[in-house]
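In what follows, a structure is listed as structure tokens, so that the remarks can point back to it.
Whatever order the structure lists ligands and atoms in, that order sets their numbers, starting from 1.
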Amino acid sequence: MMTHEENNEYRVMLEEEARRVLEEEFHQHVPPSVPVSYFLSYKTEGRLASLREALDRIEAGTFGYCLLCRCKIAEKFLRKNPTTRLCLYCALGREWGSEKDLDVLWKMINSYTGPDSTE
Ligand SMILES: [Zn+2]
């Protein structure tokens, strides 16, 4: 299991990004007093859907674990993109033998749906 502290840390990362995307891309003002999840419930597309799904997985206790094999996803991937849903093994396995380059693979690992976030 992820620790309580880890879950809280990722929740903050996800909510901060969701707030930024809502304000910058959807021009949706999110008052500090309102939980960002309230606004996410209306969003079903793209990056916001990924963020909402990741927040849901924190609530469900499945955050940080591969959707396919349920092993723990490497922390460096989660820190790069907390909406990562697959471990490296499963992400590689799905494309094994293809001509995909590492950049494409990286995007797939992260279920990439929007502009890269700053590191
Ligand atoms: Zn896996």
Side-chain angles (χ1 to χ4, degrees):
M1 285 287 288
M2 303 284 279
T3 66
H4 190 63
E5 288 72 25
E6 284 174 318
N7 275 334
N8 276 340
E9 195 178 336
Y10 286 114
R11 184 185 290 113
V12 168
M13 287 171 66
L14 291 160
E15 288 180 348
E16 280 178 356
E17 184 180 347
R19 188 176 292 272
R20 183 185 61 73
V21 172
L22 281 164
E23 294 189 341
E24 290 179 9
E25 295 179 24
F26 291 87
H27 309 291
Q28 167 74 61
H29 177 57
V30 183
S33 58
V34 179
V36 71
S37 57
Y38 173 79
F39 292 92
L40 286 180
S41 61
Y42 297 105
K43 306 296 183 188
T44 57
E45 73 277 18
R47 185 67 182 160
L48 286 177
S50 298
L51 291 165
R52 187 185 59 169
E53 192 213 20
L55 286 164
D56 287 346
R57 278 186 280 125
I58 287 179
E59 297 308 316
T62 58
F63 178 83
Y65 294 88
C66 177
L67 281 185
L68 293 180
C69 72
R70 311 209 184 285
C71 73
K72 198 164 184 178
I73 298 170
E75 187 180 349
K76 66 179 178 181
F77 293 138
L78 288 174
R79 293 209 174 275
K80 172 80 175 172
N81 182 353
T83 63
T84 299
R85 296 187 297 180
L86 296 180
C87 71
L88 185 60
Y89 180 83
C90 287
L92 280 168
R94 284 171 52 164
E95 292 296 312
W96 197 252
S98 78
E99 298 294 318
K100 302 260 186 202
D101 64 23
L102 286 176
D103 184 53
V104 172
L105 182 61
W106 177 253
K107 289 175 181 177
M108 187 181 69
I109 290 169
N110 290 305
S111 304
Y112 184 83
T113 56
D116 202 1
S117 57
T118 53
E119 178 113 323

Derivation of the side-chain contact (heavy atoms from CB on, under 4.5 Å) call for Met13 and Leu78: CA-CA 10 Å; Met13 287 171 66; Leu78 288 174; over 6 Å; no

Determine, stepwise, if the pair Glu23 / Gln28 fulfils side-chain contact (heavy atoms from CB on, under 4.5 Å). CA-CA 5 Å; Glu23 294 189 341; Gln28 167 74 61; 5.8 Å; no

Worked check of side-chain contact (heavy atoms from CB on, under 4.5 Å) between Tyr65 and Met2: CA-CA 9 Å; Tyr65 294 88; Met2 303 284 279; 4.0 Å; yes

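In plain terms, the two heavy atoms of Pro31 and Arg19 that are nearest each other are O-NH1, 3.8 Å.
Counting only distances under 2.8 Å, and ignoring water, the protein N, O or S atoms around the Zn ion (ligand 1) are Cys66 SG, Cys69 SG, Cys87 SG, Cys90 SG.
A salt bridge between Arg57 and Glu53 is present, with a side-chain N of the basic residue lying under 4.0 Å from a carboxylate O of the acidic one.
Neither side chain, Ser50 nor Arg85, offers a donor N or O lying under 3.5 Å from an acceptor on the other.
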